[in-house]
Amino acid sequence: CRTCGIGRNLAVMRLARPLQVLGAVVGLALIAWLFAHVGVEAIFGVIGKIYWWQFVLICLAYPLVLIADSIGWYFSFPRRAAPFSQLLLARAAGEAVNAASAVAPVGGEPLRAWLVRPWVPYEESVPSIVVAKTVNTLALVLLIGLALGLALATLQLEHGILIGMAGLLVFEVIGAA
């Protein structure tokens with residue numbers, strides 16, 4: 001019916017499975033292209049230089065960041081939010097799209113709004129994504145500022161590197177503003 005949108009929701013649900021399969025095929029094709037283009041030896045050569053504890057740190061750090069981002073996104077909704085597990089899954093899917101798309105780091109944002117639509121209307125999900133993305137950008141500005149301050153206090157870096165880091169910080173501040 002036109003007023004309740006049931007037909008439209010059924011059409012979207014019918015498209016979900018083929019889109020998942022298409023995404024898996026495209027992802028596998030990108031991995032195959034990467035191996036063919038870069039070379040298996042080069043990829044495994046770099047991987048072989050990683051110590052086991054570095055791998056563990058990499059694997060532990062990213063889920064913690066994803067969880068923290070999802071908590072922040074949960075609190076950016078004006079009234080109600082989707083269940084936290086769904087927000088976490090939507091964030092992970094959006095990050096995957098951001099990592100693989102040419103429009104990164106914002107290509108996954110519409111996907112996040114689409115994935116939480118059963119719980120949150122677009123009128124609330126889209127502004128919450130804007131708020132969450134803005135807070136992430138401000139956190140990045142803070143991190144770059146802290147890193148620059150720490151580098152100035154503890155390292156003897158070349159003048160060009162410090163100028164580059166300061167320029168990046170200024171660029172981030174302007175972009176965030």
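All heavy atoms count here, side chains included; hydrogens, waters and symmetry mates do not.
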Shortest non-hydrogen pair, L111 vs G94, comes out as CD2-N, 4.1 Å
Whether over 12 other heavy atoms sit under 6.0 Å from F55 CZ
no
Note: L169 and G145 closest approach over all heavy atoms is CD1-N, 3.7 Å
Review point. Just wondering, more than 12 heavy atoms not from Q54 lying within 6.0 Å of its CD?
Key: yes
Residues 31-44 side chain polar contacts: donor-acceptor under 3.5 Å, at least two apart:
none

M165 and I144, any side-chain heavy atoms less than 4.5 Å apart:
no
When every non-hydrogen atom of A82 is compared with those of L87, the smallest separation belongs to O-CD1, 3.8 Å
Going hydrophobic residue to hydrophobic residue with side-chain gaps under 4.5 angstrom, can you get from I71 over to V65?
no
- [ ] Run the numbers on R112 and E95 for salt bridge (Lys or Arg N to Asp or Glu O under 4.0 Å), then give the verdict.
- [x] CA-CA 9 Å; R112 290 178 184 147; E95 290 300 318; 2.5 Å; yes
Check the pair L66 / L88 against side-chain contact (heavy atoms from CB on, under 4.5 Å), numbers first and verdict last. CA-CA 7 Å; L66 194 62; L88 185 63; 4.0 Å; yes
**Request:** Spell out, yes or no, whether F75 and W119 are grouped together once hydrophobic residues are joined by side-chain heavy atoms under 4.5 Å, including indirect joins.
**Result:** yes
- Treating Ile, Leu, Val, Met, Phe, Trp and Tyr as nodes and any side-chain heavy-atom pair under 4.5 angstrom as an edge, say whether V173 and L148 lie in one connected cluster. yes
Check for me, please, whether V97 and W114 land in the same ILVMFWY cluster - side-chain distances under 4.5 Å, paths through other members count.
yes
Tightest non-hydrogen contact, residues V116 and A90, listed as CG1-CB, 4.0 Å
Applied to residues 68-77, the side chain to side chain donor-acceptor pair (under 3.5 Å) test, sequence neighbours excluded, yields D69-R91, W73-S128
Note: A113 and Y122 closest approach over all heavy atoms is O-CE2, 3.8 Å
### Shared hydrophobic cluster, F171 / L140 (ILVMFWY, side-chain heavy atoms < 4.5 Å)
no
Cluster membership besides W52, Ile/Leu/Val/Met/Phe/Trp/Tyr side chains within less than 4.5 angstrom, sorted by chain and number, is Y51, W53, V56, L57, L60
message = Tell me whether the count of non-hydrogen atoms from other residues, nucleotides or ligands lying under 6.0 Å of OH in Y62 goes above 12.
response = yes
